[in-house]
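A short write-up of the structure that comes next.
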Amino acid sequence: MAHMVPPPLGISVLADLLIGATNQCAFIYEEAPLAATLERQVVDWLCARVGYGAGAGGMLTSGGTMSNLLALHLARERAVQEGRDLTALRIVASDQVHVSLDKAASLAGLGQDTIVRVPTDVTGRLRDGAVRRLADELAGEGLHPFLFVCTAGTANAGVVEPLPEFLASARSHGAWCHMDAALGGMLTLTDPAATSDWCEADSVSWDPHKTLYASYAVGSLLLRNDHESDRLRFHAEYALKRNSDQDAGDRRLEGSRRLEALKLWMCIRHLGTAGYTQILRRVRERTMSFAERIHKTPGVELVTEPDTTVVCFRLVRPGLSQKDVDLLHERVQQALFQSGRLLLSTTRVGGNTVLRTVLLNPLVGPEDLDQALRYVAQETDRQAALL
Ligand SMILES: Cc1ncc(COP(=O)(O)O)c(C=O)c1O
C-alpha cells in the first residue's frame with residue numbers, strides 16, 4: 001500500500017521468461033525483427049487511450065524518469081532550433097513536480113534552477129491562474145518559458161493538475177506542453193471524459209509498470225507528433241543504416257534494450273481495454289472508499305480528496321506541537337514497517353508530514369483498509385505515549 005509498486009500480471013511474468021529466453025536486443029531489425037512492430041502496436045494502443053490522432057507515436061522507455069528526460073530533451077532541441085537564447089530558457093511546473101525533472105534539467109546541462117516552481121496550497125493543489133501568472137512574469141523579465149510540465153498524479157498526493165491552464169500558457173508562450181501522467185495515465189481508462197483534452201499536450205509520460213500491471217521496467221513517452229522524435233535520430237555505420245522504423249532502436253536514446261514491447265503487448269492482448277478498465281475502476285473505487293473511511297475515523301484527517309490512487313492523511317493530536325506531530329508520523333510509519341504488519345509511506349504536503357498510501361493492488365479489499373486504519377490508530381496511541 002505504500003508506493004507505486006503494483007503486483008504484476010501473471011502473463012507479464014511469463015512474458016519476462018520469454019523475453020529472457022529469446023534475449024533479443026530491441027535495436028537492429030536483423031536482431032529483433034518483431035521488436036519495432038510490437039512496440040509500434042503497444043504505443044498506438046497507449047496513444048489511442050490518450051486520444052492522440054494520426055501522426056502520433058512515441059516509444060517505450062525504462063520508466064517515467066527516462067520519459068521525462070526525453071521530453072525535456074525534445075522540447076529543448078526545438079527551442080535550440082528556433083534560435084532561442086539558451087540562458088533565458090525556463091521550465092514551468094508546480095512545486096509538486098517529480099524529482100525526475102530535476103535530474104533531466106541537470107543532465108540536459110540546464111541546471112535545476114531552470115525549473116520555476118509554482119507554489120501549491122496546503123492540500124498540494126495549484127491555485128487558479130497561478131501557472132499563467134508566473135509564466136507571464138517570466139516573459140516580462142525577458143525569460144522564455146519553453147516547457148510546461150503538468151502532472152497527472154503527483155508523486156506526493158496523487159493530484160491531477162489543471163491541464164487547460166498549462167496548455168493555454170504553453171500556447172501563448174510558444175512552448176512545449178508535457179504531461180507527466182506516469183501514474184495518472186490510468187485515468188484515460190477509468191474516466192476518459194476527464195482526459196479528453198490530453199490529446200492537446202505535445203507529449204505524455206505514462207508508466208505501464210505502474211498502472212498497467214506490467215512487471216518492471218516499462219514506461220512510455222507518447223508524442224502528439226511522432227516526427228518530434230526525429231531529433232533522437234542518429235546514424236551508425238555498423239547498425240542503423242536504413243533510418244527506417246523497422247529498427248526498434250531508431251529514434252531512441254538507449255542502444256541495447258530488452259524486448260519489453262512483447263510484455264506489454266501480451267498484457268494488453270490478455271486483458272484488453274475492457275479488462276484494464278474494470279481493474280482500474282475497482283482500484284479507484286477502493287481509493288475513494290479508503291478516503292471515506294478516513295473521513296469517518298476520529299484521530300485522522302484526509303489531506304486532499306484523491307484524484308488517482310494516492311491517499312494522504314494526517315494524524316490529529318491537538319495536544320502536540322506541529323514538530324511532534326510530524327515526528328509522530330515518522331515513528332508510526334517506522335513502527336508499523338518494523339512490525340511487519342503494514343507498510344505505509346510518509347511524505348510532506350503543504351508543509352506537513354503525512355502518511356501516504358498508493359492503492360494499486362486490486363486484491364486489497366475493504367477489510368484490509370479497515371485493518372490498516374486500526375493498526376494506525378493502535379500504533380499512534382503507542383507512539384504518542386512515548387513522545
Ligand atoms: C509523477 C511521476 N513521474 C515520474 C516518475 C518516475 O518514474 P520511474 O520511477 O518509473 O522512473 C514517478 C515515479 O514515481 C512519478 O510518480
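Both ligands and their constituent atoms are indexed starting at 1 by order of listing. Here the structure is a predicted model, which is why all the values come from computation and not from measurement.
- Atom numbering of ligand 1 starts at 1 in the shown order; those under 4.0 Å from a heavy atom of Ala155 are 16 (O).
- Under a 4.0 Å N-O distance rule, the pair Glu228/Arg231 qualifies as a salt bridge.
- For ligand 1, the polar-atom distance check against Thr151 finds no nitrogen or oxygen pair separated by under 3.5 Å.
- Ligand 1 has at least one atom lying under 4.0 Å from a heavy atom of Gly153.
- Looking at atom 6 (C) of ligand 1, its nearest protein heavy atom turns out to be His98 CE1, 3.3 Å.
- The pair Asp250-Arg233 meets the salt-bridge criterion, since a charged nitrogen lies less than 4.0 angstrom from a carboxylate oxygen.
- Listed by atom number, the atoms of ligand 1 under 4.0 Å from His209 heavy atoms are 10 (O).
- A salt bridge between Asp326 and Arg314 is present, with a side-chain N of the basic residue lying under 4.0 Å from a carboxylate O of the acidic one.
- Cation-pi check for Arg224 over Tyr52 is not met; the charged atom does not lie both under 6.0 angstrom from the ring centroid and within 45 degrees of its normal.
- Shortest contact from atom 2 (C) of ligand 1 to any protein heavy atom: Asp180 OD2, 3.5 Å.
- Any N or O atom pair closer than 3.5 Å counts here, and Thr65 shares at least one such pair with ligand 1.
- Within the 4.0 Å heavy-atom criterion, neither part of Leu183 lies near ligand 1.
- Classification of Arg252 and Glu39 as a salt-bridged pair holds, one side-chain N sitting under 4.0 Å from a carboxylate O.
- The shortest N or O to N or O distance between Asp207 and ligand 1 is under 3.5 Å.
- His178 and Asn68 share a donor-acceptor pair across their side chains, judged by distance under 3.5 Å alone.
- Aromatic ring pairs are classed by plane angle as parallel below 30°, tilted from 30° to 60° and perpendicular above 60°; the pair Phe148 and His173 is parallel.
- With ligand atoms numbered from 1 in the order given, ligand 1 contributes 10 (O), 11 (O) to contacts under 4.0 Å with heavy atoms of Gly63.
- Taking the six-membered ring where tryptophan is involved, the planes of Phe290 and Phe313 are perpendicular, since the angle between them exceeds 60° and thus also 30°.
- Heavy-atom proximity to Ala182, at under 4.0 Å, picks out these atoms of ligand 1: 2 (C), 3 (N), 4 (C).
- A salt bridge does not link Asp307 to Arg284: none of the charged side-chain nitrogens sits closer than 4.0 Å to a carboxylate oxygen.
- Where the criterion is an N or O separation shorter than 3.5 Å, residue side chain and backbone included, Gly64 meets it with respect to ligand 1.
- Considering both main-chain and side-chain atoms, Lys210 comes within under 3.5 Å of ligand 1 through a nitrogen or oxygen pair.
- Interface of Met4 with ligand 1, defined as ligand atoms under 4.0 Å from a residue heavy atom, comprises 14 (O), 16 (O).
- Ligand 1 lies nowhere less than 4.0 angstrom from a heavy atom belonging to Met66.
- With salt bridges taken as basic N to acidic carboxylate O contacts below 4.0 Å, none links Glu285 and Arg282.
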